[in-house]
There are 2 protein chains.
Amino acid sequence: MAKDEVKLLGFWASPFALRVEWALKIKGIEYEYIDEDLMNKSPMLLQYNPVHKKIPVLVHNGKPVAESLVIIEYIDETWKHNPIFPEDPYEKATQRFWAKFADEKCQSWMFSTFLKEGDELEKAVKEARENLKTLESGLKGKFFGGETIGFADVAIGWIPFWVSLTEEIVGVKLVDEEYMPLLSESFEDIPNMEILKERLPPRDKTLAHCRQFRESLLSAAAAAST
Amino acid sequence: MAKDEVKLLGFWASPFALRVEWALKIKGIEYEYIDEDLMNKSPMLLQYNPVHKKIPVLVHNGKPVAESLVIIEYIDETWKHNPIFPEDPYEKATQRFWAKFADEKCQSWMFSTFLKEGDELEKAVKEARENLKTLESGLKGKFFGGETIGFADVAIGWIPFWVSLTEEIVGVKLVDEEYMPLLSESFEDIPNMEILKERLPPRDKTLAHCRQFRESLLSAAAAAST
């Protein structure tokens, strides 16, 4: 294993690169992190992910793997120690189900709330909260697998941090103790886990990045409507 | 294994239920197929997939698994014989990558072509063809894994049949030998594989079903624009 060369092409503010880093950290795998300039993508990124031209890409001994959840499965299957998945196929399926649910239903609140006002914003917030409430129904305690962090937790672990940024920028409440007590507790704990915390991007810098992102969305929407 | 009780809740014209059936056939697993009335979903479906309320759902000894690709992974991990996935983690990741690509990029042509005309239709067809051409780049011969049918092939195996229905209904060409020779050949072979063919729905009935679906989309679009 000493001969393994592991590189991760990421972007500092990307939750998808972040969750791959968490998987590598949980496994204790050494890797070289390469931050991409997404406005001027490197030849290496274009070579290693010609289909999507997107980060994250894991390059293991010169062979690229793309798509964050596919990468995490690859990491867990390649290095057997410190398993991210449970062994039982039914438990594995459950973890995959919730990771997929989160990717499909609990990602859009940032885009959907950033551009809306009044009734439309209220509707978007209501939908986001309902989806987060459904996500909560998958928790079996602190984590989706009970007391141990697993695939679904690594997949959704970015949400608390970005939810709190969105709440601050838009001035809404997406997660609260009363409506989703379990998720709320989990969302407080996850970003504070040592193994995850050390790779979370700085809050102020990410907040500024998200504000700028919102501005560009608003400008694009304004340009499209004129 | 004789004690296993396997049920599949599906819908006769659903490609997503179909691919789960193919996985069960490849494995040689006996199962009871239950066709759902999607306009009047059964209490069993609502009980077993409360999150999405959608087919397919596999019920194995009373425990439900939802989401077609998650189900296929579950089937392959539960019954080890006749593997659908290769053993090598890198090859597995490649199969998952292409299955995901197909689900994200090669599903929308039916919706996008059914409602469009003129320049917009031309644009939708061009995009669909480019995505199918990209999909072709993943083929390593007849299949995504070379000479043996695997996860990605089972995942995309429904596309040829539905492409041909769309081509007939809309009067466009999505797949052709000249632009995508490998995919075109694979698309001719896959639906003719004995193990897959026996569960393909009747062409005429499915064509009528798709035409009706298009009519309902057009009516809905007309109602929305008045």
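Annotation: cation-pi pair B:K133/B:Y179 present, NZ/CZ under 6.0 Å from the ring centroid and within 45° of its normal. Within the cation-pi definition used here (under 6.0 Å to the ring centroid, within 45° of the axis), A:R96 does not qualify as a partner of A:F101.
By number of non-hydrogen pairs under 4.5 angstrom with chain B, the leading residue of A:A66, A:S137, A:P50, A:P64 is A:P64. Chosen from B:T134, B:V51, B:V65, the residue pairing most often with chain A at heavy-atom distances under 4.5 Å is B:V51.
B:Y31 and B:E5 form no side-chain donor-acceptor contact under 3.5 Å, judged by distance and modelled atom types alone. Checked by atom type, the side-chain pair B:E36/B:S42 shows a donor-acceptor distance below 3.5 Å.
Using a 4.5 Å cut-off between heavy atoms, B:K63 contacts chain A through both its backbone and its side chain. Proximity to chain B (any heavy atom under 4.5 Å) is shown, for A:H60, by neither the backbone nor the side chain.
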